[in-house]
Amino acid sequence: MSDHYEAQAIENKWQKKWNEAGVDLASDDPSDARESYYCLEMFPYPSGDLHMGHVRNYCLGDAVARYKRMQGFNVLHPIGWDAFGLPAENAAIKHKRPPAEWTYANIDQMRVQFKRLGLSYDWDHEIATCKPEYYRWEQWMFTKLVEKGLAYRKEADVNWCEPCHTVLANEQVVEGACWRCDMPVERKNLAQWFIKITDYAEALLNDLDKLSDWPEKVIGMQRNWIGRSTGAEVSFGVEGSDETLDVFTTRSDTLMGVTYMAVAAGHPLAKKAAENHPGLALFLEECSHISTKEADVALMEKKGMATGFHAVHPITGETIPIWVANFVLMSYGTGAVMSVPAHDERDFEFAHKYGLDIKQVITNETCDVSVDVEAFVEMGVLVNSSQFDGLASDEAKAVITSYLDREGKGREQVQYRLRDWLVSRQRYWGAPIPIIHCDDCGMVTVPEDQLPVILPEHLQPTGGASPLTEHEAFVNVDCPTCGKAAKRETDTFDTFMESSWYMNRYTSPRCDDAMVDAKAMQKWSPVDQYVGGVEHAVLHLLYARFYHKLMRDVGLFTSEEGGDEPFKNLLTQGMVLKDGIKMSKSKGNTVNPNTIIEKYGADTARLFTLFAAPPEKDLEWSDAGVEGANRFLKRVWKLLDKAGKQFPGEASAATTKKLRFDIHTTISRITHAFEHGFSFNVAIAGLMELSNSLSTFDAHDEEGVVAFDEGMQALAKMLGPFVPHFSCEVAEKLGMTDIAVVAAWPTVDEAARVQDEITLAVQVQGKRRGEILVPKDVDQDTALAIAQANISISKWLDDVQIVKVILVPGRLLNIVVRPA
RNA sequence: GCCGGGAUGGUGGAAUUGGUAGACACACGGGACUUAAAAUCCCGAGGACUUAACUGUCCGUGCGGGUUCGACUCCCGCUCCCGGUACCA
């Protein structure tokens, strides 16, 4: 009789053994012949508390890493800390301790929790982004980007979050609100640092095609975010001026239907018109106060005012009024649009409201409503368009655009929705931007030999401006160029800067003469399997793709060494729900992983999160389900009692053969589950079936004992990726000498999967009418004869004529009949 | 509006990608063990009707059509749900 399954003791024992044996370490030895495999989960923000979302994310990745190790790969599976960020500052204010203290304490706490879960990380590769030896390279990179003109400072309308007291990138504004604190963002005109992600828009879009193993959803979201649209830029004249009014349009075929122009409130022409028009100035003022949140409400009334200026149509020379409209965005295209109310719903609504002309220039056979009643937005054939009459919309776009091009009044144009990445933040707990402001020399990048610009870690934020701005020792510095007294930049980087390149730094985390080591990149990059939440689809995952290309293009590695993309495969796991809603502190429906670990052990927690739902779907938490997972482990534990034992009774070769069939079918199925889409829930179900087969089997002879042992060993090994401690303990009790989680993954014995007799389902007219036992290589005629001899089948064959028989080998026999 | 994903028992979910729908588990019901309970073990179960009988029939993967010997799977047309995104010109 074996002892009870004692999760805590077993888990402590094996964690110690693994650590001693170094089984989780990646080998950088060039003579290591194993193929390398890089498995990575999105690194956590060290909030101090492990939540179920973490557990799920990291157990998924760990299962992949462990499986690959058992398949003989040299696996890099690192972990680290996305350690800069606002929560540390908020906690600092609350506890009156510097954010660094809080952060380092949290890291220590979370490291313990991760180890307790038995996650197979290579802790030798651990990094924390708040350490100068990490962010110095980010600063170095930034100076390179400034040199290349890819980073720049400009004054712009930016998103400002008052509660967080900082600006935000467009990607960090979710439905008009701050992604962190959920409060509405404001527009502010400020000088800020940007990185030219727009220069890479085309590459980021095109390389999406290389990401064949990414979820369609994420690819689609990135494609939308980049928002490429092709059309034309058209220059209208401005009456009584040498200036032009440029617009972007995707419908140059409707050019002859333009009846007015609309410009954004921030457009220079609008400002100029307002100079001696107080009413208009008031309207512009009003527009500037509309927060993005309000503007998001589709119901917002379209408002406008005439500027008094007139534009000159580039083809007809007609003069058309220029209006200011609150729906035109300064930040997209040129901040001005040509309005064709007959063929655009928005323009129509506006024209209708202000009594502007509507001129139809497109029609087709389905066009049966007057454009005085509603806009006709479909493609069609041009009318009322003088020399362009009769052209189809598609042709007309090309013809009109090239006409404009010849006249110097327009050209084909590709427009992106993507805008440059705003990377400066008015926060303390981040990587300092390596810039010095000198009265004489202007903005000077900090020279390489003076990097890193170290963030003083002992400052105490108060909630207002960053304490850096008042820290004289930090701010006052000599200009690196002229040596005169100058001031340091006190803004810090967006924390997405750190997370944009950590996956590359992991390949050579201690490299101190370069950002990354090209050789290490060659060995490990790109990440073979990345696992994380879908909420980063257009944040982290877009920035990281961009940054990878930047690193390549400043020469840190070549395409051959590091690849053009950082992540080959992406798995986006679903959320952990309780009572149908996301588990979160604010909802008060959290389950603390530590509680589960204390009660059942880490293995049960791991097993449940992997079994309860497919990885990409949301997982509904269930206490009963956790019990069930634990029950399964106890059942397997009990099977150990039967190992090596012979029971009284008559031996049956057929039963033993059936067990071996089950064993090897299971190995095949589970290997398949790992190789095709990581359906761990199905893999675990398969292991449960194998366990059920073993529990109903009693060995009555030596062959039976051997087969049972074979099954137990295979089961122990295959449990390794999911419940590693349990797997090792069971394997050890079975007398296996290797540590189970590094032992070779079991292989299928095809001979065991061959059956002499198989069951065929028999259908008549596609309806299942019975089953027959036949030799494995049965031919159609024999199978039919056997089926006809079966009473429950033959009764369906009376009074009918058999017209066709279909045999699907190993599966079924379908008899097609017709009334006689 | 647009883009993406989805709809299978009481529940979470399977189905070798066109071949026995409901694996595996949870919850439930019945039984065994126990003084009792917990734990554990065994049995049952898609629905309707039917039978002395787990006997047999029919229906059944959101709805309506189609292709096929055969459809959860493929095609056409809908409905609803979830996620993303939007005055993008």
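Proteins come first, then strands; the chains are lettered A, B, ... in the order of their sequence lines, and each starts at number 1.
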Under 3.5 Å for both distances, Watson-Crick or G-U wobble, that's the pair rule; now give the dot-bracket for RNA chain B, with | marking pairs to another strand and [ ] for crossing ones. (((((((..(((......[....))).(((((.......))))).((((......))))..(((((..]....))))))))))))....

Tell me whether the rings of A:Y354 and A:W323 are parallel (<30°), tilted (30 to 60°) or perpendicular (>60°). tilted

Give one of base, sugar-phosphate or nothing for A:V534, where a contact means two heavy atoms less than 4.0 Å apart. nothing

I need the CG-C1' distance between A:L687 and B:A14, as an integer number of Å. 15 Å

Indicate, with yes or no, if the rings of A:Y260 and A:F350 have centres closer together than 6.0 Å. yes

May I ask you to say what A:R635 touches in the nucleic acid, namely base, sugar-phosphate or nothing, with a heavy-atom cut-off under 4.0 Å? sugar-phosphate

Ignoring backbone atoms, test whether A:K302 places a side-chain nitrogen or oxygen under 4.0 Å from the OP1 or OP2 oxygen of B:A89. no

Tell whether A:R769 reaches the base of B:U20 with its side chain through a donor-acceptor pair below 3.5 angstrom. no

When you check the side-chain N and O atoms of A:E535 and A:W179, is any donor under 3.5 Å from an acceptor? no

Once you apply a heavy-atom cut-off of 4.0 Å, does A:R228 come out as touching a base, just sugar-phosphate, or nothing? nothing

Choosing from B:A89, B:A25, B:U57, which nucleotide comes nearest the side chain of A:W796? B:U57

Contact class for A:W621 vs. all strands (heavy atom < 4.0 Å): base, sugar-phosphate, or nothing? nothing

Base, sugar-phosphate alone, or nothing: which one does A:G628 contact when heavy atoms must sit under 4.0 Å apart? sugar-phosphate

Does B:G60 have its OP1 or OP2 closer than 4.0 Å to a side-chain nitrogen or oxygen of A:K767? no

Touch class at under 4.0 angstrom, heavy-atom based, for A:N681 against every strand present: sugar-phosphate

Determine the contact category for A:K795: base if any of its heavy atoms lies under 4.0 Å from a base atom, sugar-phosphate if only primed atoms, P, OP1 or OP2 are that close, otherwise nothing. sugar-phosphate

Taking any heavy-atom pair under 4.0 Å as a contact, classify A:N692: base, sugar-phosphate, or nothing. sugar-phosphate

Please enumerate all residues that pass ring-ring contact (aromatic ring centres under 6.0 Å, His included) together with A:H313, with sequence neighbours excluded. A:F236

What is the nucleic acid contact for A:E689, judged by heavy atoms within less than 4.0 Å: base, sugar-phosphate only, or nothing? sugar-phosphate

So A:V337, base contact, sugar-phosphate only, or nothing? Heavy-atom distance under 4.0 Å. base

Which nucleotide, B:A25, B:G19, B:C69, lies nearest any side-chain atom of A:Q763? B:G19

What form does the base of B:G9 take, syn (within 90° of 0) or anti? syn

May I ask you to say what A:P215 touches in the nucleic acid, namely base, sugar-phosphate or nothing, with a heavy-atom cut-off under 4.0 Å? nothing

Ignoring hydrogens and geometry, is there a side-chain-to-backbone donor-acceptor pair from A:N326 to A:K303 under 3.5 Å? yes

Phosphate contact (B:A27 OP1 or OP2) by A:R631 side-chain N/O below 4.0 Å: yes

Run the salt-bridge test on A:R223 and A:D209 with the 4.0 Å N-O cut-off and return the result as yes or no. yes

With a 4.0 Å cut-off on heavy atoms, is A:A624 in touch with a base, just the backbone sugar-phosphate, or nothing at all? sugar-phosphate

